[in-house]
Amino acid sequence: MSAKSIKKLTIPQPDDWHVHLRDGAMLAAVLPYTARHFARAIVMPNLQPPVTTTARAEVYRDQILAALPEGIKFSPLMTIYLTDTTDPHDLSRGHELGIVTAAKLYPAHATTNAEHGVRDVKNIQSVLEKMQRMGMPLLVHGEVTDPDVDVFDREAVFIDKILKPLRKDYPELKIVFEHITTSEAVDYVSSEGKKGGLAATITAHHLLINRNAMFKGGIRPHYYCLPVAKRERHRQALIMAATSGAKMYFLGTDSAPHFRQAKESACGCAGIFTAPSALALYAQVFEDAGSLSNFEAFASRNGPSFYGLPVNEKLLELMKIDHLKDDINSILTENRQEIVPYRNSAPLRWCVAEV
Ligand code: NCD
Ligand code: ZN
């Protein structure tokens, strides 16, 4: 059967290896969209204030579990936000107790709520040594924050300036290069990842838009995120990587909701909210690349394998939609604040069947 004629895909339930669930009313509004499709998710710690200790990660995990709609099974995998003063013992205790799955490195000021991030990797030497010994993954926001570096070059410069030296100093440290956006990142992860210990998440939106989307007919704040979308040739490299089925690439939506007024502003927030349609969007990319047969590796197998977790037993069915319907325009929190989901230029072609 040709890839184009595939109408139904049954795969082990996928996980989202990078998501922002926020807290409070926003958490209650966005969580159902992630929890209805994904079995587990790596939950980013950039709350205000950030989740910097095991105790805070435990409280946050319980808030997420309490906000779950009835009858939905979902496991939040918690992360700790590294700072210059992270306590290595607290981190290792959290990991041993199964409360904390991984730790996130935000270079200071790299993105939304990253002002508490790490100023210099040298400041967290003992933390990284401990993580390396324990096999605890380090998740990196791969952009330098030097204002002299052009915003479109920050990921490529990060590879040379930070990632390569980090891999040299901590060769056994498991690293996930989060939400990659460039051919430079693909080249590096494809070659280094073969040795093991290095992987990358790829978002749906970076597979679907290039930087032109932000400026089509005017400024388009709902297509603005960090790392910012790059040129078309980078998007093509990402599509090749994701749809190859190679073990070092897996699904991480980086779904990052902000209220409408925070996005549509003179200084709009970075972040694209893709959770409502993430799986359908990814499926479309794989279908267009003629690689639906590799979707299971990317969405359901490569992530658990890197994190040393079992593949989910439950199955999920994706179906081709016959009659295209309009996508959701916006969702409301309980206090009637609006969040605008990512919208494709064309209606969704896939949907998730009830599982
Ligand atoms: C994220 C957010 O809003 O928390 N924004 C984004 O553009 N991706 C932060 C992040 O992951 O960089
Ligand atoms: Zn993110």
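Each ligand, and each atom within it, is numbered from 1 in the order the structure gives. In what follows, residues are counted from 1 in the order of the sequence shown.
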Is it true that [Y] and [X] share a donor-acceptor pair across their side chains at a distance under 3.5 Å?
X    : Y    : answer
Y249 : S190 : yes
Q13  : H37  : no
E143 : H141 : yes
K230 : T182 : no

Heavy atoms of other groups near R119 CZ, more than 12 under 6.0 Å
no

M214, CE atom: more than 12 neighbouring heavy atoms under 6.0 Å:
yes

Amino acids in close contact with ligand 1, where any non-hydrogen atom sits under 4.0 angstrom away:
H18, H20, R22, N46, T111, T112, H141, H179, C225, L226, D254, A256, H258, A270, G271

Taking all non-hydrogen atoms of both residues into account, name the closest pair between N312 and P12 and its distance.
O-CB, 3.5 Å

All ring-ring contact (aromatic ring centres under 6.0 Å, His included) counterparts of H20, not counting sequence neighbours:
H18

Considering only distance and modelled atom types, tabulate donor-acceptor pairs under 3.5 Å from the side chains of residues 59-66, sequence neighbours left out.
from : atom 1 : to  : atom 2 : distance (Å)
Y60  : OH     : R22 : N      : 3.4
Y60  : OH     : R22 : O      : 2.7

Listing protein N, O or S under 2.8 Å around the Zn ion (ligand 2) gives H18 NE2, H20 NE2, D254 OD1

